[in-house]
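Chain identifiers are assigned alphabetically (A, B, ...) following the order of the sequence lines, protein sequences preceding nucleic acid strands; residue numbering begins at 1 within each chain.
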2 protein chains.
Amino acid sequence: MSDPSTKERLLDSAERLFAERGYAATSLRELTQDAGCNLAAVNYHFGTKEALVLAVLERRVRPVNEERLARLDALEAAGTPQLEDVLRAFVAPLLERHRDGAAVERVARLFLQLSTMRDPELQHYRLFQSTATRFVAAFLRALPEVDPVTVYWRITFMIPVVAMSFSDAERLAFLSGGTASADDTERALAHMVSFLAGGLRAPEPTAGGAA
Amino acid sequence: MSDPSTKERLLDSAERLFAERGYAATSLRELTQDAGCNLAAVNYHFGTKEALVLAVLERRVRPVNEERLARLDALEAAGTPQLEDVLRAFVAPLLERHRDGAAVERVARLFLQLSTMRDPELQHYRLFQSTATRFVAAFLRALPEVDPVTVYWRITFMIPVVAMSFSDAERLAFLSGGTASADDTERALAHMVSFLAGGLRAPEPTAGGAA
DNA sequence: GTCTATAAACGGATAGAC
DNA sequence: GTCTATCCGTTTATAGAC
């Protein structure tokens, strides 16, 4: 426990460098030098660069999704949860598990990078499958007055908000006029939940799609 | 005009391959072979691979942003536009400029990739600067009853919806239960506008961030 | 403008000693 | 588990003929 093991140092360096410079732009030579170990250590501990980046993402994503499901379990054990409760169960674990906004930003950037790659070796959807299934059902139950097809569309719009809003602190500062910071996780959470609740509960678009 | 020039064929191939396989994962050899021209043509027409991908993005983004601003000009010339009008002016040019969802998906994937790269040679924010400034002002005017700080936060949440919702047709199909398709741009537009309007106009979070 | 040929460097992965 | 040394393919970019 005292010193981080080589494997953990590799995960730490990989998370930081992949997020900051990009997965493809970071060579295993830079990475192992940053981690203070030998080039061959990557192959020994993870096998390939692809397996390493998946391990990096999984280390952050799995506990977040486990906490999401635990919170949803607790809510549903107490009755039918309100929409805002389900939203908080979904969003809070991501924001609260990390001390500062930089950690959330790293995870978001890593996730976005993998999302834009079609390499079958880099598939990461399975990390979210069970969570997605459970929460889609919960949102449908919390929105009985909205057409389910509309709810599906809106969940599709909700995912980018959660996945991407904190992926770039500069964009966040610029678009928010310098008033928003991912470091203030409590405010970020409250604002995100109110925004998403408003979007999910909005009046449905009229059939004609009027001007 | 009859045959696309080598330069245009390079832009076409680059857009498709960068979006489908990734910028870093696509070599100039594959790219020039796909475009039916010589490897050295990239250097002749664009200089570097980085300049090429920026040209690819700019070719799609600039006309979209010009149309966004033109629509906003027209709205504001006729008085103070409603929130939904401003939203449609912002979202419709992206969805309507391309015949099918695949084209929107390519542009979105390309944008997301560049967003996750910190290489100074790949900065693309300037493509959006004037558009962002104008629309932020328009949203503030269309939401006089909402605290401006809250509006900034919500614009920050809105950008990921527009940028990322159509970046992955598989995710769209999965999360929407197979009911949503980016090919139906009219429905996509109507759903996105109603979602964003609901989020932007939602009741503000209470100071206490109550449960 | 387009080509061939090549420079010059870097990439991930691995064998085998310790 | 960690190291050195190296294999071997690939990369972007360019020089120079046509």
Margin query: Looking at E8(B) and R59(B), is any side-chain nitrogen of the basic one under 4.0 Å from a carboxylate oxygen of the acidic one?
Written below: no
Residues R16(B), D34(B): salt bridge by 4.0 Å N-O rule:
yes
Quick check, are the ring centers of F128(B) and F111(B) under 6.0 angstrom apart? yes
Sorted by number, residues from residues 110-122 of chain A placing a heavy atom under 4.0 Å from DNA chain C are none
- Go through R68(B) and N65(B) one step at a time and tell me if the side chain to side chain donor-acceptor pair (under 3.5 Å) criterion holds. CA-CA 5 Å; R68(B) 282 169 166 159; N65(B) 280 340; 2.8 Å; yes
query = How would you label the contact of T26(B) with the nucleic acid (heavy atoms, under 4.0 Å): base, sugar-phosphate, or nothing?
reply = sugar-phosphate
When you compare the side chain of C37(A) with that of L10(A), does any pair of heavy atoms fall below 4.5 Å? yes
message: Ring centroids only, cut at 6.0 angstrom: are H191(A) and F157(B) within range, meaning strictly under it?
response: no
With E67(B) as partner, the option from R97(B), R60(B), R62(B) fulfilling salt bridge (charged side-chain N to carboxylate O under 4.0 Å, His left out) is R97(B)
Would you mind checking if E20(A) and R106(A) are paired as a salt bridge, meaning a charged N to carboxylate O distance below 4.0 Å? no
State whether S27(A) places a side-chain N or O below 4.0 Å from either non-bridging phosphate oxygen (OP1 or OP2) of dC10(C). no
Query - Salt bridge D85(A)-R71(A), side-chain N to carboxylate O under 4.0 Å - result: no
Each nucleotide of nucleotides 1-8 of chain C classed B (base within 4.0 Å of a protein heavy atom), S (only sugar-phosphate) or -, in 5' to 3' order, makes BBBB----
So, with a heavy-atom separation below 4.0 Å from DNA chain C, the residues of residues 49-57 of chain B are none
Identify whether the distance between the nearest side-chain nitrogen and carboxylate oxygen of R134(B) and D73(B) falls below 4.0 Å. yes
Rounded to whole Å, CD of E30(A) lies from P of dA9(C) at a distance of 17 Å
In whole angstroms, the gap separating P of dA13(C) from CG of N43(A) amounts to 7 Å
Here the distance between atom P of dG11(C) and atom CZ of R21(A), to the nearest Å, is 11 Å
